[in-house]
Amino acid sequence: MTTIFPPPQRLAEAFVDLAASPVTAASDPTGLLACLALHGSELLGDCAAVVLYAPDKSGRVEVAGVGEDLMRLAHSAVGWGEGPGQDAFGGRPVADTALDGGLARSKWPRFSARALELGYGRVAALPLRVGQEASGALVLLEPGSTPLLPQLLALGQSLADAAGWVLERNRQLIETRALADQLEHALVSRVVIEQAKGTLAARHAISVDEAFRVLRAHARSNRRRLSDVAREVVDRTLDLPTG
Amino acid sequence: MATGGAASDLIASAERKAALARARAAHETASAERHELLAGQARTEALKNMHLRIAGVHRATAACHLTAARLQDDYVDRLTGWAHQRGTPKPLFMSGVAAACGTGSASVTLVGASLEQLALAASDEPSRAAQELEFLLGEGPSRDATSEARPVTAAGAALRERWPGYGSALADLGIDAVAAVPLSLSGRCVGALAVFDPVQGVADADTFGEVAEALTRSMLLSPDGDPGLYGAIDAYAQVHQAAGMLSEHLGCPVGDALELIKARAFAESDSAHSVAERIIRGELRLG
């Protein structure tokens, strides 16, 4: 394999690319995970790269990579639940390993056999860290028997870290938006419910506490949200008879 | 939203939040250190810069979590003192927020998508009165900080020039300077923190910004936060009840009724609460 470290300009482009990639499904060829797999293959000598990513806690694993055989291998590995990628999910890298060696054959019997058939001789896996946890892995496969060099694995880890950073920011963004929506919904609901209490109280000459009981009873017996019922009362599209 | 409770419950809750904020700060610091180490080992400028940039964000976030922890510590101290001195008013979380900004007067305003004020909390009477003015007049620093999504400061004559109604009324309250910063995270703004008459040299605009971010991260937009600020947030419940009643009396939209209540309160130099109470008791009919 070539041992030349990529030129700085090429590296800078890769990081800019990763930072600008949208976080989409792994199957999206313009998305972040495909971008990581592509740069992994192009920058790290002549090895092949696949990315495994678990977007949530459901156990579902997405796969991104280039080449039909390679993708089939990666999908199979996910199905078998074995392989260096899954091992790196724990957060520790899987060092360069010979696929025809005893270690690979005992730890990943099906994965190593299939990878050898495809012409790969060495494998390593780097954790894709997102925040506090490893949520995926960058798996590097080397044709032939030359070991994957430590400095290239270090570069691969930096690429994975850059992608992990984008994923972490995206996760925070989604969480923040959801919490902001919840907060706003809670506050707006509160306002509408108070307005509806006043509206009903004036409409039927009852107290605001009594008006609230009427609202709540209607929402419960019709299995509707209190805030929706309140909104209709305020908009005068719903009138509630009082006992 | 949590409501107020016994001192021991509030202390336990604040201590839990302080511990969480410290754990988050420690994690952010560890992440920053890892990236600083990687930057040191980087073989190219591009790699080094990427790691330094990420480390910088982690460092800033760590500092923000520590500020959040200190706000909780301060509240624990106030509650502990209060628990030993029954009969005194329950301490407010906002008092510590104000103190962190170098003043006794600070307010939090939470807004909706169209920037309408939905809930408010204040540390003392002057800040509560100032907030009421913004609510009644629909102009002021908190509104501008949220609509412009940037910090706003004004003092002296500039107050009146910028906000003719609000500025004059603020001067009548004896307030001479105001600063407001948006309460926002990941580009989403949920309100503003306003600081009144901060003591010069005690805190600066950066401090206000950091306190605002700490509040947003730890209390307003946190899965284990408390957007009700320990039961101190005021959602203007009675004012909205009165607006509902008035809209029924007048057959007008509830938004118009709310504006009538605000106008009446401002004209009578009264609070919206007080006008609302009179409407609810049937003592006042507007329109």
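We name chains A, B, ... by the order of the sequence lines, and we start the count at 1 in each one.
The environment of CZ in A/Arg231 is sparse: at most 12 heavy-atom neighbours from other residues, nucleotides or ligands sit within 6.0 Å. By the 6.0 Å contact criterion, CZ on A/Arg216 is enclosed, its count of non-hydrogen atoms from other residues, nucleotides or ligands being greater than 12.
At least one side-chain heavy atom of B/Met245 sits under 4.5 Å from a side-chain heavy atom of A/Val208. Looking at A/Asp161 and B/His51, their side chains come closer than 4.5 Å, going by heavy atoms from C-beta outward. Residues B/Leu47 and A/Phe15 are in side-chain contact: their nearest non-hydrogen atoms beyond the backbone lie under 4.5 Å apart. Side-chain contact between A/Glu184 and B/Val111 is absent, with no heavy-atom pair separated by less than 4.5 Å. Using a 4.5 Å cut-off on side-chain heavy atoms (C-beta onward), A/Arg177 and B/Ser186 make no contact.
In this structure, the portion of B/Arg53 lying under 4.5 Å from any heavy atom of chain A is its side chain and not its backbone. For B/Arg281, no part sits under 4.5 Å from any heavy atom of chain A, backbone or side chain. Within the 4.5 angstrom heavy-atom criterion, only side-chain atoms of A/Leu155, from C-beta onward, approach chain B. With a 4.5 Å cut-off on non-hydrogen atoms, B/Thr44 touches chain A through its side chain but not through its backbone. Residue contact with chain A, scored on non-hydrogen atoms closer than 4.5 Å, involves the backbone and the side chain of B/Ile54 alike. For B/Ala237, the parts lying under 4.5 angstrom from a heavy atom of chain A are both the backbone and the side chain. Interface remark: B/Ser222 contributes backbone atoms only to the contact with chain A (heavy atom separation under 4.5 Å). Both the backbone and the side chain of B/Ala113 come within less than 4.5 Å of a heavy atom of chain A. Neither the backbone nor the side chain of B/Ser31 comes within contact range of chain A; no heavy atoms are under 4.5 Å apart. Contact annotation for A/Gln182: neither backbone nor side-chain heavy atoms come within less than 4.5 Å of a heavy atom of chain B.
The candidate from B/Leu110, B/Val57, B/Val239 with the greatest count of non-hydrogen atom pairs under 4.5 Å with chain A is B/Val57. Interface remark: of the candidates A/Ala19, A/Ala162, A/Ala154, A/Ala162 forms the most heavy-atom pairs closer than 4.5 Å to chain B. Contact count against chain B (heavy-atom pairs under 4.5 Å) is highest for A/Asp181 among A/Val192, A/Val233, A/Val234, A/Asp181. By number of non-hydrogen pairs under 4.5 angstrom with chain B, the leading residue of A/Ala12, A/Ala180, A/Ser207, A/Ala14 is A/Ala180. Across A/Arg129, A/Gln172, A/Glu13, the residue that shares the most heavy-atom pairs under 4.5 angstrom with chain B is A/Arg129. Listed options B/Ala30, B/Gly244, B/Gly225 were ranked by heavy-atom pairs under 4.5 angstrom with chain A; first place goes to B/Gly244. Of the residues considered (B/Leu220, B/Ile279, B/Leu221, B/Leu258), B/Leu221 shows the highest number of contacts with chain A, using heavy-atom pairs under 4.5 Å.
What you find for B/Gly251 and A/Arg236 is that their closest heavy atoms are CA-NH2, 3.8 Å. Heavy atoms only, all atoms of each residue included: B/Pro227 and A/Leu183 are closest at CB-CD1, 3.4 Å. Shortest non-hydrogen contact noted between B/Ser247 and A/Thr199 is OG-OG1, 4.1 Å. In terms of heavy-atom proximity, A/Gly131 sits nearest to B/His27 at C-NE2, 4.1 Å.
Aromatic ring centres of A/Trp165 and B/His58 lie closer together than 6.0 Å.
Results of the side chain to side chain contact (heavy atoms under 4.5 Å, CB included) test with B/Glu248 over A/His204, A/Arg203, A/Gln195 single out A/Arg203 as the only residue that passes.
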Going through the distances and angles, do B/Met50 and A/Leu18 end up as a side chain to side chain contact (heavy atoms under 4.5 Å, CB included)? CA-CA 11 Å; B/Met50 178 200 78; A/Leu18 284 170; over 6 Å; no
Determine, step by step, whether B/Leu38 and A/Gln157 satisfy the side chain to side chain contact (heavy atoms under 4.5 Å, CB included) criterion, reporting the C-alpha distance in whole Å, the side-chain angles of both residues, the deciding distance to 0.1 Å, and the verdict. CA-CA 10 Å; B/Leu38 290 168; A/Gln157 187 62 66; over 6 Å; no
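Note that CD of B/Glu116 and CG of A/Leu187 are 9.5 Å apart. Values are rounded to the nearest 0.5 Å. Atom CG in B/Leu185 sits 4.0 Å away from atom OG1 in A/Thr176 (nearest 0.5 Å). Interatomic distance, A/Ser158 OG to B/Lys48 NZ, rounded to the nearest 0.5 Å: 14.0 Å.
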